Amino acid sequence: MRPGDRGPQVAELQNRLREIGRWLYSGPSDGDYTDRVAYSVAYYQSYMGVHGDPTGVYGPNTRKLLEAQTSGRDRDHGRGHGRGHR
């Protein structure tokens, strides 16, 4: 995935980045691969020493490592049933 992409897979990526830490990505999980998401992916790639994917692009090497470290669930909104605020 890359900037300009949209959809549920992008929202999952946003959740995974936030799972690593809000220092890495603190934006919304809105399914929009913005420049902010690309910057976070690029920072993660540099921080973890990911090679083989273009900078800021969520390619197979970045995906493999990030998926091994995270669940992809949005921790801030419970386990699928919390639509309201706590």
Side-chain angles (χ1 to χ4, degrees):
M1 290 182 283
R2 63 186 65 243
D5 288 347
R6 299 185 65 101
Q9 289 183 334
V10 177
E12 181 181 319
L13 167 59
Q14 292 166 321
N15 290 338
R16 289 182 186 278
L17 291 169
R18 193 172 24 255
E19 264 187 82
I20 296 295
R22 289 206 176 266
W23 59 268
L24 181 60
Y25 180 74
S26 61
S29 294
D30 60 3
D32 190 7
Y33 203 122
T34 62
D35 288 341
R36 184 178 190 180
V37 174
Y39 176 82
S40 296
V41 169
Y43 194 94
Y44 177 78
Q45 290 168 326
S46 175
Y47 182 74
M48 297 302 296
V50 176
H51 300 285
D53 294 335
T55 301
V57 172
Y58 191 52
N61 298 324
T62 308
R63 179 185 295 262
K64 183 177 179 180
L65 186 57
L66 187 60
E67 286 183 354
Q69 296 179 320
T70 59
S71 71
R73 292 188 203 103
D74 188 350
R75 296 182 308 184
D76 291 341
H77 293 102
R79 297 188 178 189
H81 17 101
R83 284 191 179 179
H85 297 217
R86 296 179 198 207

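Numbering starts at 1 and runs along the sequence shown. Since the structure is predicted, the reported quantities are computational estimates derived from the model, not experimental observations.
The backbone N or O of S71 sits less than 3.5 Å from a side-chain atom of E19, completing a donor-acceptor pair. Remark: side-chain polar atoms of S29 are not paired, donor with acceptor, to backbone N or O of Q14 under 3.5 angstrom.
One finds the OG1 atom of T62 at 9.5 Å from the CG atom of L13 (value rounded to the nearest 0.5 Å). With values rounded to the nearest 0.5 angstrom, E12 atom CD is found 9.0 Å from L66 atom CG.
In this view, A42 and Q45, T55 satisfy the side chain to side chain contact (heavy atoms under 4.5 Å, CB included) rule, not counting sequence neighbours. Considering only residues two or more places apart in sequence or on other chains, Y58 meets the side chain to side chain donor-acceptor pair (under 3.5 Å) condition with none of them. For R2, there are no salt bridge (Lys or Arg N to Asp or Glu O under 4.0 Å) partners, not counting sequence neighbours.
Legend: ring-ring contact (aromatic ring centres under 6.0 Å, His included) pairs involving residues 3-24, not counting sequence neighbours, sorted by first then second residue: W23-Y43, W23-Y47. For residues 29-41, the set of pairs meeting the salt bridge (Lys or Arg N to Asp or Glu O under 4.0 Å) definition, not counting sequence neighbours, comprises R6-D32. Listed by first then second residue, pairs satisfying salt bridge (Lys or Arg N to Asp or Glu O under 4.0 Å) with a partner in residues 49-67 read R63-E67, not counting sequence neighbours.
V57 is not connected to Y44 by any chain of hydrophobic side-chain contacts under 4.5 Å among Ile, Leu, Val, Met, Phe, Trp and Tyr, and they are in different clusters. Tracing side-chain contacts under 4.5 Å through hydrophobic residues (I, L, V, M, F, W, Y), one reaches Y39 starting from Y33; they form part of the same cluster.
Minimum heavy-atom separation, S40 to L17: CB-CD1, 4.0 Å.
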